[in-house]
There are 2 protein chains.
Amino acid sequence: MQRYIRMLREGKLKITPRREAILAYFIKEGKYATPEQVWKKLRISLGRLGLPTVYRNMEEMHQLGILVKVEGVENRFYYGLCRAEDPQVHHHHIICQGCHKVREVEGCLVGSLSKQIEAKTGFKLTGHTVHLQGLCQSCIIADGG
Amino acid sequence: MQRYIRMLREGKLKITPRREAILAYFIKEGKYATPEQVWKKLRISLGRLGLPTVYRNMEEMHQLGILVKVEGVENRFYYGLCRAEDPQVHHHHIICQGCHKVREVEGCLVGSLSKQIEAKTGFKLTGHTVHLQGLCQSCIIADGG
DNA sequence: AGCATAAATGGAAAGCATTTTCGTTTACGC
DNA sequence: GCGTAAACGAAAATGCTTTCCATTTATGCT
């Protein structure tokens, strides 16, 4: 928790009960979630909680690299906690299709191939997004047996 | 054009003036576009044209592999014509950030690394999406000089 | 060519995720 | 503690996308 609090401070964001609750949610769940899902859960314990607040905070945390944002099914956006040592170091994420767990994938899948791609296409690569879907250990077992 | 008409037939979709116009638009432009952009352009020549029709047709063409669908800026969806010989053969696309031109990138960027990723993460890969952004030859020149 | 029919279409309206507005509340540096 | 800018909640707005439904049209069959 402390490292995320630190990241909020570095981003000039105040430490509020709502932000702490959102962080706690993601640390505890370890899964990706929509602002609405987070809101439905935290609303109970926090008493008053506005949905726009959750949207705002999750987007801000995404800007700071605390949360990854992925396009999920049915045109909605999901956020997951990024646990990488240094979120600034480029990496990708894989999400379990069974339990929605998020895991970091060290290194870059495109980097080593970028020269080839540029040679073949004549394009100069300026960026990329990679979304990996998979099944985690637990869900493989659940699936298979 | 004929190969896309064939793909529509194989998908049990009728060949209508609207569908032909949408295909012609993408063949001519070679860029990705939102349903609204296509609609604004074709509305003029087609006289009457409903925006839902464009949305419907572009999504159907996406389902048939005729159009690729990418998440663009400001949470909107863009579609681009897939010119790959066989769209069923897995490949990726790179989009020019300057002119929005779409180009196929043969081969798969994840395939060769999937074993490593699975070993490292313990996940079993089930799918992935890769979006490449770049600058095409013309736009590099325009950009640099 | 004409006919039957299921598919396609347009316009209006609805749906729905997300954002904005704005008055009130709160974190936090001093 | 106090002042102030930031954060917040509620309601409303926004804007992309889809649905509904009555009308039109492509197409297979004679």
Side-chain angles (χ1 to χ4, degrees), chain A residues 1-2 4-25 32-64 66-67 69-79, chain B residues 1-2 4-25 32-64 66-67 69-79:
Chain A
M1 173 70 100
Q2 283 317 306
Y4 298 114
I5 300 281
R6 205 180 313 126
M7 289 172 77
L8 285 178
R9 283 225 176 78
E10 285 163 9
K12 313 282 186 198
L13 296 185
K14 293 182 175 171
I15 315 305
T16 69
R18 268 107 255 256
R19 289 189 176 132
E20 288 178 309
I22 291 170
L23 286 173
Y25 172 95
Y32 73 178
T34 61
E36 195 183 357
Q37 290 173 326
V38 176
W39 173 68
K40 280 189 175 162
K41 191 71 175 288
L42 296 184
R43 196 163 45 148
I44 302 162
S45 46
L46 284 175
R48 257 154 59 111
L49 177 63
L51 186 51
T53 298
V54 182
Y55 268 96
R56 268 187 302 241
N57 282 328
M58 283 171 65
E59 185 58 31
E60 285 164 347
M61 289 181 190
H62 166 55
Q63 298 301 333
L64 294 183
I66 296 173
L67 300 181
K69 185 179 186 177
V70 301
E71 174 202 331
V73 284
E74 13 72 50
N75 302 0
R76 299 196 63 169
F77 288 99
Y78 286 73
Y79 296 82
Chain B
M1 172 69 99
Q2 284 315 307
Y4 298 114
I5 300 281
R6 204 179 315 126
M7 288 172 79
L8 284 179
R9 284 224 175 78
E10 285 164 8
K12 312 282 187 199
L13 296 186
K14 293 181 177 174
I15 314 305
T16 69
R18 267 108 254 252
R19 289 190 176 132
E20 287 178 310
I22 291 170
L23 286 173
Y25 172 95
Y32 73 0
T34 61
E36 194 181 359
Q37 289 173 325
V38 176
W39 173 68
K40 280 189 176 161
K41 192 70 174 290
L42 297 183
R43 195 164 47 148
I44 302 162
S45 47
L46 283 175
R48 256 153 60 110
L49 177 64
L51 186 51
T53 299
V54 183
Y55 269 96
R56 266 187 304 242
N57 283 327
M58 285 171 62
E59 184 58 32
E60 285 164 348
M61 289 180 190
H62 166 55
Q63 297 302 333
L64 294 182
I66 295 172
L67 301 180
K69 186 179 188 178
V70 300
E71 173 202 333
V73 282
E74 12 73 51
N75 302 1
R76 297 197 61 171
F77 288 100
Y78 287 73
Y79 296 81

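A quick note: this is a predicted structure, and the numbers were derived from the prediction, not measured. Protein chains get the first letters and strands the later ones, always in sequence-line order, with residue 1 at the start of each. Side chains included, hydrogens not; waters and symmetry mates left out as well; all remaining heavy atoms used.
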Has the side chain of R18(B) got a donor or acceptor atom that lies under 3.5 Å from a matching backbone atom of V54(B)? no

Rounded to the nearest angstrom, tell me the gap between atom [atom1] in [X] and atom [atom2] in [N].
X: E60(B); N: dT17(D); atom1: CD; atom2: C1'; value: 14 Å
X: E59(A); N: dC8(D); atom1: CD; atom2: P; value: 15 Å
X: M58(B); N: dC16(D); atom1: CE; atom2: P; value: 14 Å
X: R43(B); N: dG11(C); atom1: CZ; atom2: P; value: 10 Å
X: E71(B); N: dT17(D); atom1: CD; atom2: P; value: 11 Å
X: K40(B); N: dG15(D); atom1: NZ; atom2: P; value: 12 Å
X: L46(B); N: dT24(D); atom1: CG; atom2: P; value: 18 Å
X: L8(A); N: dA27(C); atom1: CG; atom2: C1'; value: 13 Å

Heavy atoms under 4.0 Å, any strand shown: does R19(A) hit a base, just sugar-phosphate, or nothing? sugar-phosphate

Which of these nucleotides, [options], is closest to any side-chain atom of [X]?
X: P52(B); options: dT18(C), dG9(D), dT19(D); result: dT19(D)
X: R56(A); options: dT17(D), dA10(D), dG10(C); result: dA10(D)
X: L49(A); options: dA7(D), dG9(D), dG10(C); result: dG9(D)

To the nearest 0.5 Å, how far apart are [atom1] in [X] and [atom2] in [Y]?
X: R9(A); Y: Q2(A); atom1: CZ; atom2: CD; value: 8.0 Å
X: L67(A); Y: M7(A); atom1: CG; atom2: CE; value: 9.0 Å
X: N57(A); Y: I22(A); atom1: CG; atom2: CD1; value: 4.5 Å

Return the 5'-most residue of the pair Y55(B), K14(B) with respect to DNA chain D, ranking by each residue's nearest nucleotide. Y55(B)

R76(B) or R9(B), whichever maps to the more 5' nucleotide of DNA chain D: R76(B)

Answer yes or no: does a side-chain N or O of T53(A) lie under 4.0 Å from OP1 or OP2 of dG9(D)? yes

Side-chain N or O of T16(A) closer than 4.0 Å to phosphate OP1/OP2 of dC8(D): yes

Taking NZ, NE, NH1 and NH2 as the nitrogens, is one of them in E10(A) or R6(A) under 4.0 Å from a carboxylate oxygen of the other? no

Given the structure, check if the side chain of R48(B) and the base of dG11(C) hold any donor-acceptor pair shorter than 3.5 Å. no

Is a donor-acceptor contact shorter than 3.5 angstrom present between the side chain of R18(A) and the base of dG9(D)? no

